[in-house]
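For clarity, every value in this text was computed on a predicted model and none was experimentally measured.
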Amino acid sequence: MLKENQHVPVRHIVLICLLAFIGNLFCNHYSPLFCAQGDPDTAIFYMTGKAWAHGMVPYIDFADVKGPLLILLYGVGYLISPDMQIGCYLLFSGFTAATLYYLYKSGRVLGLSPNKALVLCALALFALLEPENPGGRAENLQHPFMAAMLYGLLLRLQVQRTADAHARRQAEKTAGITAGLCFAAALLIKFNNIIPACAVAAIILYLNIREKNIRGYLAGFCARFLIGSAILILPIVAWMCYRGCMGACIEVYYHMNALTAGNGFLFGNSADVLLWRAYRNLLQCPTGLPFLTFATLLLPGLFGERDKRERMLLLLFIAACYVPNLIAHTPYYMVVCAPLFCLCGIPLLKKLPEGGQFAQAILLPGILFAVITHNGMWKDRCTMRLQQAPHHSVLQIEDILATVPSPRVIYYSGLDVGYGMRAGALPGSRCWCCHNGLHELCHQYQHADIRNGNTDFIICTHSIPNEQTCEFFRNCGYSQVGHFSTPSEGPVCIFRKTE
């Protein structure tokens, strides 16, 4: 039978925070040690947060296919530290710490001692700071909500076989609040990930049907689910209605995502392509097939031998976590499932000797060193700040953009990769960069703003623009001021509005 222990010692909270902040220092794209240019997703999110912080209205003055909560979080990070990205680093490290906190509590629910639960948190960094996902993406920002929901579900499964009705009600309330928060976070960050929260609601409903306690389900779980959802949804919806951008949010966040899915990224593919994607995603992502195989084999070690129902319900939840991104066009979408990694370590840690504080003092730094060595950002395409040459192409591009205070920029032929981050660049068009699958629509907005002179710079990445495009830029009053060869984006051409 599972053991419940809600208390987390203050010393362990401090150690959890140290693991999170040190791990992110070396394994997060937004660490102060690194240059953040090079990753399109985080660069786009950073731009949207900065634009919101500068008073631009989301989805009207600038548009992205992610939800408003993600933009708000990046805006908070920018306000903490506009220049060196320390704000984003602190924010994301705090999210990692919150994820580890709930993984610690999940380990305690499943019978681990406090010291072993702390070791579980260190091991979880391998998945949470996975090298294919440099940190700060939509999947990373959902980790604490997924971990909290996992804890709430495990707590409810724990008390399922107890005769204590009060304990079941309390566990159901916890599960309701955490599932509601996860549902709202997914709805406001990346809405296809609402399925796991719906699965938890279905599992709790099944348990209450067996107990013939539908009234308790409605008053306990459902009420708390609505409260948890309202905590995040109501303030954001109220603000957006006040600024008059709620309709634009629905149009961009939901309609444009549907267009992207329909333009070859999800729908419109043959069955063999979708099956290949599912196989590739499960195989290539560390939290994919290796995890599922490992977790399935070790799952009996999580529960008592007679608790087969709990094991099946947990497998249902795991499957629901993978379904939204199983046939996605890129494997790193599966990283949203990283908090489930803790389920692999728990049965193994149960069999290890306790070890004491001395063993812990050696084991925790050793695991953290292994995480930094394996997942460190120096293996990625971004470069350490201290190693940048004075005439590095990225710095030269920054120098050109910095000639205009808070320049407005358009990425004409590709995604935003972070040029102008230090120069304080802002979106020069509603679609200031070309999102995948939406180039034609984005170019319509960009052409209108280029003709009206609303942008200061036009940045063309990956290839040199053809003569017809260059002629269009010149006729609209823009001249080429730079041509660079960059390590990650290939040829980069910059056009500036003439005075």
Take atom CD in Q468; do more than 12 heavy atoms of anything else shown fall under 6.0 Å from it? no
Verify the ring-centre separation between Y478 and F472: is it less than 6.0 angstrom? no
Pair F191 and F183, ring centroids less than 6.0 Å apart: no
Specify whether Y412 and F473 have parallel, tilted or perpendicular ring planes, treating 30° as the upper limit for parallel and 60° as the lower limit for perpendicular. perpendicular
Can [X] and [Y] be counted as having a side-chain donor-acceptor contact under 3.5 angstrom?
X	Y	value
R496	T403	yes
T469	N466	yes
T96	N24	yes

Please determine whether side-chain hydrogen bond (donor to acceptor under 3.5 Å, both in side chains) holds for the pair H143 and Y102, giving the CA-CA distance in whole Å, both sets of side-chain angles, and the decisive distance to 0.1 Å. CA-CA 10 Å; H143 283 166; Y102 281 107; over 6 Å; no
The criterion is side chain to side chain contact (heavy atoms under 4.5 Å, CB included); which residues satisfy it with V57, sequence neighbours excluded? I60, D61, R243, C245
Give, for atom CD1 of I227 and atom SG of C222, the distance between the pair rounded to the nearest 0.5 Å. 11.5 Å
Using 0.5 Å steps for rounding, measure from the CG atom of N28 to the CG atom of L91. 10.5 Å
Taking salt bridge (Lys or Arg N to Asp or Glu O under 4.0 Å) as the cut-off, I'd like each qualifying pair that reaches into residues 176-194, sequence neighbours left out, listed once. E139-K190
The residue among I80, L79, L73 that forms side-chain contact (heavy atoms from CB on, under 4.5 Å) with V76 is I80
Under a 3.5 Å distance rule, please check whether K497 uses its side chain to pair with a backbone N or O of G453 as donor and acceptor. yes
Return yes if some donor-acceptor pair links the side-chain N/O of T178 with the main-chain N/O of A175 below 3.5 Å, else return no. yes
